[in-house]
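Nothing here was measured: the structure is a model prediction, and the numbers come from that model. Each residue takes its place number in the sequence, starting with 1.
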Amino acid sequence: DAAPGQLGLRPQAQAGHARARAVPQLPGAKGLGLKLGLFGGAFDPPHCAHVQLAQAAVAQVPLDELLVCPTGQAYHKARDLTPATHRVEMAKIAFSPVPHTLVDEREIRRAGPTYTVDTLRELRAEQQSAELFLLMGEDQAASFTSWREWQAIAQLATLCIARRQYSAQAQPPLVLPPSVRHVVLTLPILAESATEVRRRTTAGEDITALVPPGVAGYIARHHLYTPA
């Protein structure tokens with residue numbers, strides 16, 4: 001697995017990337033007994049809550065390997081995404097401290113809209129005996145049955161759902177169909193959002209409390225989310 005600070009691409013994700021460094025496979029990476037997680041998203045930009053979710057999944061499931069997949073053409077996003085090259089580089093920086101975690105570019109390279117079910121089917125074909133886990137926040141879980149082919153996703157993977165901690169009120173129930181396998185991850189209060197990071201950056205406000213330090217530096221160097 002990639003060492004901290006050396007986040008790379010999965011071997012399967014290196015086709016067409018001649019300069020990408022080979023990443024050693026984990027023991028049992030042919031799939032036998034492997035607990036493999038998928039964390040998809042725009043990561044525009046990746047923020048501290050994303051990293052906390054990844055760390056919780058790796059530690060609490062626990063996962064043998066976690067793939068972070070920046071989305072390509074997100075069918076559900078009304079706005080244009082930041083170019084994929086920037087989002088991939090920020091993801092590599094943000095998730096580098098998380099053990100057993102790799103950035104996978106397959107959704108960036110895929111033509112047309114990006115759907116989670118397609119990625120899970122690819123992973124199942126590659127890792128036929130692995131147990132697949134799909135990471136998401138509770139807001140995504142609440143809308144899960146509106147996802148494309150959600151029943152197929154539920155057959156392919158166990159949902160790993162990050163729930164917020166509620167200090168002053170009771171934890172609202174998590175309602176999912178009985179057929180949907182899921183585990184709940186315990187995390188601290190997650191206040192960060194990519195929308196807030198972009199808003200603060202555009203307004204010239206400080207974002208260092210919301211994103212990993214390396215990501216804040218990358219955004220500043222490349223003048224991302226600032227008015228043209």
Side-chain angles (χ1 to χ4, degrees), residues 1 26 28 31 33-44 46-71 74 76 91 94-95 97-104 107 114-121 123-124 127 129-197 209-212:
D1 40 299
L26 290 167
L34 184 75
K35 290 186 175 181
L36 176 61
L38 172 65
F39 189 11
F43 301 116
D44 193 16
H47 49 70
C48 292
H50 289 140
V51 178
Q52 288 177 320
L53 200 167
Q55 290 171 328
V58 170
Q60 294 176 29
V61 172
L63 295 176
D64 297 303
E65 186 173 348
L66 173 61
L67 301 184
V68 173
C69 289
T71 190
H76 59 290
F95 293 99
V98 185
H100 311 309
T101 300
L102 305 171
V103 173
D104 186 306
E107 293 192 357
T114 298
Y115 296 108
T116 299
V117 68
D118 296 330
T119 302
L120 286 170
R121 284 174 173 146
L123 294 177
R124 170 56 67 224
Q127 308 279 8
S129 300
E131 186 176 3
L132 302 181
F133 294 84
L134 178 63
L135 278 62
M136 64 179 64
E138 64 178 327
D139 292 341
Q140 293 171 302
S143 64
F144 177 67
T145 54
S146 69
W147 290 27
R148 182 185 179 94
E149 295 190 61
W150 69 265
Q151 296 96 332
I153 294 174
Q155 290 181 342
L156 287 163
T158 298
L159 306 189
C160 286
I161 302 170
R163 301 216 67 185
R164 300 184 184 95
Q165 290 183 353
Y166 294 83
S167 56
Q169 54 186 330
Q171 185 90 328
L174 181 64
V175 180
L176 288 168
S179 60
V180 177
R181 292 166 292 143
H182 68 279
V183 296
V184 175
L185 303 175
T186 303
L187 281 82
I189 296 173
L190 305 178
E192 299 88 350
S193 75
T195 300
E196 179 64 11
V197 174
L210 302 183
V211 299

With rounding to the nearest 0.5 Å, note down the distance linking [atom1] in [X] to [atom2] in [Y].
{"X": "Phe133", "Y": "Asp64", "atom1": "CZ", "atom2": "CG", "answer": "9.0 Å"}
{"X": "Leu38", "Y": "Asp104", "atom1": "CG", "atom2": "CG", "answer": "8.5 Å"}
{"X": "Lys35", "Y": "Leu132", "atom1": "NZ", "atom2": "CG", "answer": "12.5 Å"}
{"X": "Asp118", "Y": "Ile153", "atom1": "CG", "atom2": "CD1", "answer": "9.0 Å"}
{"X": "His47", "Y": "Thr195", "atom1": "NE2", "atom2": "OG1", "answer": "8.0 Å"}

Indicate the atoms forming the closest heavy-atom contact of [X] with [Y], along with that distance.
{"X": "Ala91", "Y": "Pro70", "result": "CB-CG, 4.3 Å"}
{"X": "Phe43", "Y": "Pro46", "result": "O-CD, 3.2 Å"}
{"X": "Leu187", "Y": "Ala56", "result": "CD1-CB, 3.7 Å"}
{"X": "Leu53", "Y": "Gly137", "result": "CD1-N, 4.3 Å"}
{"X": "Gln127", "Y": "Leu36", "result": "CG-CD2, 3.9 Å"}
{"X": "Glu196", "Y": "Leu210", "result": "CG-CD1, 3.9 Å"}

Heavy-atom side-chain contact between [X] and [Y] under 4.5 Å:
{"X": "Thr119", "Y": "Leu67", "result": "no"}
{"X": "Pro97", "Y": "Val51", "result": "no"}
{"X": "Val61", "Y": "Thr158", "result": "no"}

Quiz item: If only atom types and distance count, is the side chain of Gln60 paired as donor or acceptor with the main-chain N or O of Thr186 below 3.5 Å?
Solution: yes
Self-check item: Any donor-acceptor N/O pair, Ser143 side chain to Ser146 backbone, under 3.5 Å
Solution: no
Quiz item: Residues two or more places apart in sequence or in another chain: which of them pass side-chain hydrogen bond (donor to acceptor under 3.5 Å, both in side chains) with Gln140?
Solution: none
Quiz item: Thr116: what forms a side-chain hydrogen bond (donor to acceptor under 3.5 Å, both in side chains) with it, not counting sequence neighbours?
Solution: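 side-chain hydrogen bond (donor to acceptor under 3.5 Å, both in side chains) check on Thr116 returns nothing, list empty.
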Going by the rule side-chain contact (heavy atoms from CB on, under 4.5 Å), which residues pair with [X] if we only count those two or more places apart in sequence or in a different chain?
{"X": "Glu149", "value": "Val117, Arg121, Ala152"}
{"X": "Ala54", "value": "Phe39, Leu66, Phe95, Val98"}
{"X": "Gln151", "value": "none"}
{"X": "Pro177", "value": "Thr145, Trp150, Ser179, Val180"}

Quiz item: What do the steps show when you test Trp147 against Met136 for side-chain contact (heavy atoms from CB on, under 4.5 Å), and what is the final call?
Solution: CA-CA 13 Å; Trp147 290 27; Met136 64 179 64; 3.6 Å; yes
Exercise. Assess whether side-chain contact (heavy atoms from CB on, under 4.5 Å) is satisfied between Leu63 and His100, documenting all intermediate values.
Key: CA-CA 8 Å; Leu63 295 176; His100 311 309; over 6 Å; no
Quiz prompt | Step-by-step side-chain contact (heavy atoms from CB on, under 4.5 Å) determination, Leu174 to His182 | solution = CA-CA 10 Å; Leu174 181 64; His182 68 279; 4.1 Å; yes
Quiz item: With Arg181, which residues qualify under salt bridge (charged side-chain N to carboxylate O under 4.0 Å, His left out), at least two apart?
Solution: none
